[in-house]
There are 2 protein chains.
Amino acid sequence: MRLSTRVRYGCRAMVDLALHAGDGPVALEVLARERHLPDRYLAKIIQDLRRSGLVSSVRGAGGGYVLRAPLDSISLLDVYEALEGPFCPVECLDDPDGCEIVEECVTREVWDEVQKSLNAVLKSVTLADLVRRHNEKAGKS
Amino acid sequence: MRLSTRVRYGCRAMVDLALHAGDGPVALEVLARERHLPDRYLAKIIQDLRRSGLVSSVRGAGGGYVLRAPLDSISLLDVYEALEGPFCPVECLDDPDGCEIVEECVTREVWDEVQKSLNAVLKSVTLADLVRRHNEKAGKS
DNA sequence: GTAAACTACACCAAACAGGTGAACATTATG
DNA sequence: CATAATGTTCACCTGTTTGGTGTAGTTTAC
């Protein structure tokens, strides 16, 4: 169970956008360079973020991407779900009808707890928190 | 981030062994049949469980597999780690030296929390708990 | 009108998941 | 001792997913 690079890259990009909040649109190329990400791959990722309404894009020269909501109202769960859909460790959580084996349901509750606990962790961290941590680190070093 | 079938099948098999605790060795074929699992695939999985010391095997006719420890001392975390190694959502948690990008470390703490919280959930559930739940369900229906 | 951006769609290689097949080693039982 | 019932090992295979790349557009500031 590894986190996909999609989500990791997406989070990095979102943090970068958060650090640039107020600066106007940030071009894809800038994001990619600042976060050391493959630009065309990032382009695909950021399209998903746009389609989910987390960022808005400005086309044409001088364009780029901007966060659509205040920093403290965007959580990492939002980013995760924009890129991978709702976190679901096993299929039978989404689709209980597919679970015909009674005995399996003994562990089902555990996977449900896993789901809830991960969702809670991700939901509890917002871009504002990450920016704060970033500044603290920058300040110390 | 889906749970692999390795882990799901492994957990099912361990629960089955737990339900048979005290009955002597349970043959692979029986496990596979009772849990509706592909037998040769299960064979590979159960070898990992054996190598990790969770089950012991009895070879030859009349042989099979037996749990090596009391039900309440085997957690799902043990099973998970036997089959997939320690849960690590991102590489940089295991290998901090590979993490050169400072900014990424802002999210690293989050992945660390994710890791800890999932480990806690899995560690809190033992085979004894699952057997108990199983019996409760069987009793109700 | 032209350059700087985003957008869309097709494609691709490597890794991994999930599973199969066959041969061999061990042991209970008659 | 023979044989059948088991576990053990190793090689292989196929479809899907991951992590990208390439190319041809479209939009807009200047």
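Chain identifiers are assigned alphabetically (A, B, ...) following the order of the sequence lines, protein sequences preceding nucleic acid strands; residue numbering begins at 1 within each chain.
Nucleotide D:dT18 holds its C1' atom 15 Å from the CE atom of B:Met1, rounded to whole Å. At whole-Å resolution of the value, CZ in A:Arg40 and C1' in D:dT21 are 6 Å apart. Atom-to-atom, CG of A:Leu42 to C1' of D:dG20 comes out at 12 Å; the value is rounded to the nearest Å. One interatomic measurement links the two molecules: CD of B:Glu91 to P of D:dG19, which rounds to 12 Å at whole-angstrom precision. As rounded to whole Å, 18 Å separates atom P of D:dT17 from atom CG of A:Leu3.
Of the side-chain N and O atoms in A:Tyr9, none sit less than 4.0 angstrom from OP1 or OP2 of D:dG19.
For B:Ser57, there are no side chain to side chain donor-acceptor pair (under 3.5 Å) partners, not counting sequence neighbours. Remark: B:Arg132 engages B:Asp129 in a side chain to side chain donor-acceptor pair (under 3.5 Å) (not counting sequence neighbours). Partners of A:Glu91 according to the salt bridge (Lys or Arg N to Asp or Glu O under 4.0 Å) rule, which considers only residues two or more places apart in sequence or in another chain, do not exist here. Scanning for side chain to side chain donor-acceptor pair (under 3.5 Å) contacts around B:Ser124 gives an empty result, with sequence neighbours left out. Every residue meeting the salt bridge (Lys or Arg N to Asp or Glu O under 4.0 Å) condition with B:Lys116, not counting sequence neighbours, appears here in chain and number order: B:Asp112.
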Please list every donor-acceptor pair under 3.5 Å in which a side-chain atom of residues 43-56 of chain B meets a protein atom from a residue at least two apart or in another chain.
| from | atom 1 | to | atom 2 | distance (Å) |
| --- | --- | --- | --- | --- |
| B:Gln47 | OE1 | B:Arg50 | NE | 2.9 |
| B:Gln47 | OE1 | B:Arg50 | NH2 | 2.7 |
| B:Gln47 | NE2 | B:Tyr65 | OH | 3.3 |
| B:Asp48 | OD1 | B:Arg51 | NH1 | 2.9 |
| B:Asp48 | OD2 | B:Arg6 | NH2 | 2.3 |
| B:Ser52 | OG | B:Asp48 | O | 3.0 |

Counting primed atoms, P, OP1 and OP2 as sugar-phosphate and everything else as base, the B/S/- map of nucleotides 5-15 of chain D against protein heavy atoms under 4.0 Å is BBBSS------

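Pairs of residues two or more places apart, or lying in two chains, never qualify as salt bridge (charged side-chain N to carboxylate O under 4.0 Å, His left out) while including a residue from residues 67-90 of chain B.
Protein chain B touches strand DNA chain C; the 5'-most and 3'-most nucleotides with an atom under 4.0 angstrom of its non-hydrogen atoms are C:dG18 to C:dA28.
Ion pairing between B:Glu34 and B:Arg12 fails under the 4.0 Å rule for side-chain N and carboxylate O.
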